[in-house]
K.L.:
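Below: one structure in structure tokens.
We count ligands from 1, going down the list as the structure has it; atoms in each ligand are counted the same way. Since we're looking at a predicted model, the values are computed, not measured.
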Amino acid sequence: MAFSYMPGFGNDFETETLPGSLPQGRNSPQRPAYGLYAEQLSGSPFTAPRGTNERSWLYRIRPSVKHTGRFKAVAYPLWKTAPNVGDHELALGQYRWNPVPMPKEPTNFIQGMRSITTAGDVLGQTGMAAHVYVANTSMVDDHFFNADGELLVVPQVGALRLVTEMGVIELRPGEIAVLPRGLVFKVELVDAEVRGYVCENYGAKLTLPDRGPIGANCLANPRDFKTPCAWFEEKETPCRLIVKWCGNFHVTEIGHSPLDVVAWHGNYAPYKYDLATFSPVGAILFDHPDPSIFTVLTAPSGEEGTANIDFVIFPPRWLVAEDTFRPPWYHRNIMSEFMGLIHGQYDAKEEGFVPGGISLHNLMLAHGPDAPGFEKASRAELKPVKLDNTMAFMFETRFPQMLTRYGAELETRQDNYIDCWADLKKRFNGTPEGDWS
Ligand SMILES: [Fe+2]
């Protein structure tokens with residue numbers, strides 16, 4: 001079955017699966033068509049300014065109160081929530097990991113969530129968590145919503161089907177999706193095994209960055225974001241709804257599927273985006289801009305220019321700058337940087353940072369090209385070069401990222417990562433030419 005989408009970012013969408021199921025000219029008629037219940041899902045306070053006011057109206061078989069019974073606690077021990085500090089002994093450092101291993105036991109998307117870092121404080125609705133998911137089992141009767149934040153899903157291996165109450169998103173590596181806070185969904189696997197990254201955003205919603213002097217085009221263009229058309233199922237069998245709420249998990253048993261929205265309209269909705277449609281802008285004579293030039297989505301913190309989260313990619317692009325050290329420069333950063341590699345090679349680290357891997361360069365910890373990367377880039381002939389077949393990304397946050405015990409003890413952590421800079425030589429010898437022997 002092919003699922004359809006509506007283009008645009010933050011549009012006021014409308015979609016119906018049955019003719020006339022979406023009320024026109026009003027939100028809450030006395031008796032909605034088909035005997036549906038009208039329900040509002042608020043993604044912002046009622047009184048948020050127009051530019052950030054988000055809500056949708058859902059016309060569903062049962063109201064959501066029928067999709068919860070009594071809750072009881074349930075454990076997903078590897079999914080951590082900020083603040084989560086002091087649960088391991090690993091010293092401060094720059095860290096890098098090989099891919100998180102695929103599970104051997106049957107594991108669905110929620111069971112397979114492994115938190116690597118947390119930042120900020122979920123109770124203050126600031127900060128984020130960086131997770132890796134690994135799964136080999138579809139969610140069938142289990143459904144989930146996260147009251148703690150929206151989920152930015154970045155597949156790395158295998159395609160997924162995000163079956164949400166507002167429609168179905170098919171997602172493959174190279175695409176990303178955002179599932180808003182509170183949205184009910186389940187995840188079906190298209191491929192036998194899947195892995196990817198998730199950024200859980202406790203703060204203000206991800207939005208498109210301003211472009212400043214770049215103007216009205218390039219970077220991520222609004223039309224390339226796709227929101228699913230309405231889809232529902234009428235399933236009267238035992239189901240479960242699992243809720244993540246302030247770091248704890250709760251489950252409730254119900255007798256039917258909660259994915260029962262026949263029609264909806266509004267601007268609070270899930271979406272996906274193909275990273276290949278990102279139009280990168282960069283240096284065309286010398287130097288290169290800060291990596292913020294590759295920001296796809298940003299979640300503001302309330303302090304101007306200081307993001308709760310920036311989602312930044314390092315896409316295929318031409319390198320043409322003259323008399324320039326072309327890879328990312330050496331860096332110490334007040335923001336903290338969690339990186340992943342979806343496929344290919346990352347130009348600052350051609351070895352060691354492998355697809356599915358992770359690197360973490362935390363608040364004020366130095367990083368930059370490894371010794372072979374520095375050597376190569378310092379001596380390269382500066383003709384135009386296409387950096388191709390690559391897609392790395394970064395979850396960057398204003399908050400320090402606290403490593404979880406799982407991340408600290410993960411057997412794929414490269415204990416020798418720090419050695420990648422060991423061979424950087426002293427080139428200073430008091431002469432203007434330096435020592436390049
Ligand atoms: Fe950096």
K.L.:
Could you pull out the atom name of the N/O/S atom in Glu337 that is nearest the Fe ion (ligand 1)?
P.N.:
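Closest to the Fe ion (ligand 1) among those atoms: OE2.
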K.L.:
With a 4.0 Å cut-off, would you call Asp274 and Arg172 a salt bridge?
P.N.:
yes
K.L.:
What about the rings of His131 and Tyr406, do their centers lie closer together than 6.0 Å?
P.N.:
no
K.L.:
Tyr5 ring centre to Lys272 NZ or CZ under 6.0 Å, with the angle to the axis within 45°?
P.N.:
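The answer is yes; both the distance and angle limits are met.
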K.L.:
Is His367 close enough to the Fe ion (ligand 1) to have an N, O or S atom under 2.8 Å?
P.N.:
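Of the N, O and S atoms in His367, at least one lies under 2.8 Å from the Fe ion (ligand 1), which means yes.
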K.L.:
If you look at His331, which of its N/O/S atoms is nearest to the Fe ion (ligand 1)?
P.N.:
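His331's closest N, O or S atom to the Fe ion (ligand 1) is named ND1.
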K.L.:
Check for me whether the distance between the ring centres of Phe145 and Phe185 falls short of 6.0 Å.
P.N.:
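When the ring centroids of Phe145 and Phe185 are compared, they turn out to be at least 6.0 Å apart.
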